[in-house]
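To keep things clear, I will list the structure first and then write my remarks on it.
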There are 2 protein chains.
Amino acid sequence: MSRVTIKDIARKLNVSATTVSNALNGKPGVGKSARKEIQDLARAMGYQPNYFAKGLVSRQSYAIGLVITNITDPFYPELALGVQEKAGEFGYSTMLFNTNHNQESQETIIRMLGAKGVDGVILSTVRQDDPAIDLLDEMEMPYVLVNRMILNPRKAGHIDSVTLDNYSGSHQAATHLCRLGHTRIAVIAGDMDASTAITRTSGAVDAFKEWGVSIPDNWFVDCGYTKDRAFTAAQKIFTCSAPRPTAILAQDDNMALGVREAAYAAGLRIPEDLALVGFNDISFASLIGIELTTIRQDQHHMGMTCAEILIKKLQDPKRRGLCNNVLIQTELVIRKSCGFYPDGYT
Amino acid sequence: MSRVTIKDIARKLNVSATTVSNALNGKPGVGKSARKEIQDLARAMGYQPNYFAKGLVSRQSYAIGLVITNITDPFYPELALGVQEKAGEFGYSTMLFNTNHNQESQETIIRMLGAKGVDGVILSTVRQDDPAIDLLDEMEMPYVLVNRMILNPRKAGHIDSVTLDNYSGSHQAATHLCRLGHTRIAVIAGDMDASTAITRTSGAVDAFKEWGVSIPDNWFVDCGYTKDRAFTAAQKIFTCSAPRPTAILAQDDNMALGVREAAYAAGLRIPEDLALVGFNDISFASLIGIELTTIRQDQHHMGMTCAEILIKKLQDPKRRGLCNNVLIQTELVIRKSCGFYPDGYT
DNA sequence: CTTTTTTAGTTTAACGTTAAAGTTGATTCT
DNA sequence: AGAATCAACTTTAACGTTAAACTAAAAAAG
């Protein structure tokens, strides 16, 4: 691989290595004809600058790390793609790592990213007071959070984040159920140590208040963002509650799918016996037979946005002091799972 | 980041940099007590070896590249996860790149991987006679193909690959349809320039022969591996063919979902009016209301396998000459989309 | 026409690590 | 006891690139 070095080119043309370097990097101090000669020869010889030598002197890797929980969660692929595309535009490559929700491995990964010399990190799905954040601060590694923000106002002011407008998304979803006349609504919440779940819950609670809907405590289930846990939680609600809820607000489409399976298992029809709303609009939510009413978010855009914030910050030291907290707007997508079809939708 | 160098440690302990390096890398020539002292101080100072300096002298990056078409295709996340996990076990990190089916960007990506000094590449979904392969050979970059193999016997002998046993998988699927009594079967084939599609088609064709089923030419559609194209292809078949096929063999679950939507749009019920088989068993194939009969494959295992082959090859030059072509076994998963439920399945 | 400035270079050193060759002084062998 | 071996180091150089300081000649300025 890349065996041709700057020195080889220099030797052939009887110039110094520095001149070659300057010529190829568009720096001044090289004559017009010599520059062209050098560039042509470099191309002809298939010269590729050595990444390690460059990194050693510049202390830049032009690589960023993207740390997610698990790429097999349908929430992430589109996000990862957005990050990679935007990073690619700036000439950065992306290293993707899965923590599998494991705190320890998250720290190991971050340390490794540091050792590999990435220029910055995009960190998804951190918890409040996550030690990963302190670690990154300590390493003086630039980073941007995505899909979670730090709510603690003391920290929040200097931590960049790109998140959904979870409050208004969840408010929209809850309002939709209330408007359809539901008054017995259960909320299957994601991990309540996550900013998304906290904010989504408060959006729903406020909507319920506005509509005068009150909900028993045991219909708020803090169950963790997985299909299986949502299945179990829903099962419990269906068997233990009389009267049963007529609607369920799941804070995530995967969880909604879990609820759906539990509902079918309990002999309930959707939407006839149970209205169901999800959150995320993963690709499969639109399939015939599923047709989940949900809150759409543009993960691709989220990915692009956080990559852009990070890289601009890397490239422009002036931006270092500024703090970006971007809220991505959501959209209510009405399908069939709540039993209300808008005009033109069949 | 990683500001502590070997020299800092050396200076503090009045030894040479080489001794520190040797002590930390477990090499001989360092006294027991000195070694311990060095290791302790290194830990205390938070020493992290500089990746670029190491790479510059060792010419190893401990990074591999994984080139796929698009991570948002549900086929890939599990594969990517498997690659990363296995690579991680060996201390390698993975750089993921999406070609978006674009030949040119694939070549750009491979060149960039070369420039970034990855030690090897896992390349998915190449075409027969793909220029990417020549490029990798020319760069003398070790690589393993996954999900495709090169059928041309002149080349095949020295190209590692990990693929499904597509022939027998497709044979199983076709046999299943024939055994259920179908004789009017259409095949929606993926891109016929891909080894998977070629092999899957030949497995199906052989099964049809064995059952004496003959199929008109226009019921073999070479349509490209996407849901949308499969939708269009199926639509055409439903409207143009009389009598209509009673079963469709889709060479991919996404395509099967496209066929499913087209069938519903044409007023056909599944399985009553149309039996449908997919291929891959993506996670959504099992959802209630979809319940697609399909061929399961273990992408995670595929990912692990190809990462292992690549890295073992990187680490052991003796293996360089050997060629691995691993076939991963498939399994027929019978759900409801063909109208036959085995015992215990409701 | 001398002095200053500019252009087009060169030389040196540094980034952090490690391989290779050299230097001690102690230990073992005969 | 003297030679050979060994252990525990050190010194030097190299990996490929670039920043910084230098030089020589040409061009511009006075």
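Proteins come first, then strands; the chains are lettered A, B, ... in the order of their sequence lines, and each starts at number 1. Keep in mind that this is a model prediction, so the values were computed, not measured.
Listed by chain and number, the residues in a salt bridge (Lys or Arg N to Asp or Glu O under 4.0 Å) with B/Asp137 amount to none (sequence neighbours excluded). In this structure B/Arg127 satisfies the side chain to side chain donor-acceptor pair (under 3.5 Å) test together with B/Asp191, B/Asp193, sequence neighbours excluded. Shown here are the ring-ring contact (aromatic ring centres under 6.0 Å, His included) partners of A/Phe52, two or more places apart in sequence or in another chain: B/Tyr51. Listed by chain and number, the residues in a salt bridge (Lys or Arg N to Asp or Glu O under 4.0 Å) with A/Asp298 amount to none (sequence neighbours excluded). Applying the side chain to side chain donor-acceptor pair (under 3.5 Å) criterion to A/Asp316, with sequence neighbours excluded, gives no partner residue.
Between the side chains of B/Arg148 and B/Ser161, not a single donor N or O lies within less than 3.5 Å of an accepting N or O.
As rounded to whole Å, 16 Å separates atom P of C/dT17 from atom CG of A/Asn50. C/dA13 atom C1' lies 12 Å from atom NZ of A/Lys7, rounded to whole Å. Per the geometry, OH belonging to B/Tyr62 stands 14 Å off C1' belonging to C/dT17, to the nearest Å. In this structure, OH of A/Tyr51 is placed 15 Å from C1' of C/dC15, rounded to the nearest angstrom. Taking atom CD on B/Gln60 and atom C1' on C/dG16, their separation rounds to 17 Å, with Å as the unit. Regarding B/Leu13, its CG atom lies at a distance of 15 Å from the C1' atom of D/dT10, rounded to whole Å. One interatomic measurement links the two molecules: CD1 of A/Ile6 to P of C/dC15, which rounds to 19 Å at whole-angstrom precision. Here D/dT18 presents its P atom at 9 Å from CG of A/Asn22, a figure rounded to the nearest Å.
Between A/Thr19 and C/dG9 there is no side-chain polar atom (N or O) within less than 4.0 angstrom of OP1 or OP2. A sub-4.0 Å separation between OP1 or OP2 of D/dG16 and a side-chain N or O of A/Thr5 is absent. In this structure, A/Asn25 reaches the D/dT18 phosphate: one of its side-chain N or O atoms is under 4.0 Å from OP1 or OP2. Considering only side-chain N and O atoms, B/Arg59 lies under 4.0 angstrom from the phosphate OP1 or OP2 of D/dG16. Between C/dT18 and B/Lys54, a contact under 4.0 Å exists linking OP1 or OP2 to a side-chain N or O. Not one side-chain nitrogen or oxygen of B/Lys27 sits closer than 4.0 Å to the OP1 or OP2 atom of C/dT18. Contact annotation: B/Arg3 side-chain N/O to C/dG16 OP1/OP2 distance is not under 4.0 Å.
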Evaluation steps, side chain to side chain donor-acceptor pair (under 3.5 Å), between B/Ser16 and B/Thr19: CA-CA 5 Å; B/Ser16 71; B/Thr19 300; 3.1 Å; yes
Decide side chain to side chain donor-acceptor pair (under 3.5 Å) for A/Lys116 and A/Ser61; before the verdict, give the C-alpha distance in whole Å, the side-chain angles of both, and the deciding distance to 0.1 Å. CA-CA 8 Å; A/Lys116 292 248 171 181; A/Ser61 62; over 6 Å; no
Toss me the dot-bracket line for DNA chain C: Watson-Crick and G-U wobble, both under 3.5 Å, 5' to 3', using | for pairs to another strand and [ ] for crossers. ||||||||||||||||||||||||||||||
Using the 3.5 Å cut-off, write out each protein N or O paired with an N or O of nucleotides 20-26 of chain C and the distance between them.
none

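Residue whose closest nucleotide on DNA chain D sits further toward the 5' end, between B/Ala34 and B/Ala53: B/Ala34.
Across all strands shown, A/Gly29 has heavy atoms under 4.0 Å from base atoms, whether or not it also approaches the sugar-phosphate. Across all strands, B/Asp8 comes closer than 4.0 Å to no nucleic acid atom at all (heavy-atom distances).
For residues 302-314 of chain B, the set of pairs meeting the side-chain hydrogen bond (donor to acceptor under 3.5 Å, both in side chains) definition, not counting sequence neighbours, comprises B/Asp160-B/Lys313, B/Glu308-B/Lys312. Pairs engaging residues 61-115 of chain A under the ring pair (Phe, Tyr, Trp, His ring centres under 6.0 Å) rule: A/Tyr62-A/Tyr92 [sequence neighbours left out].
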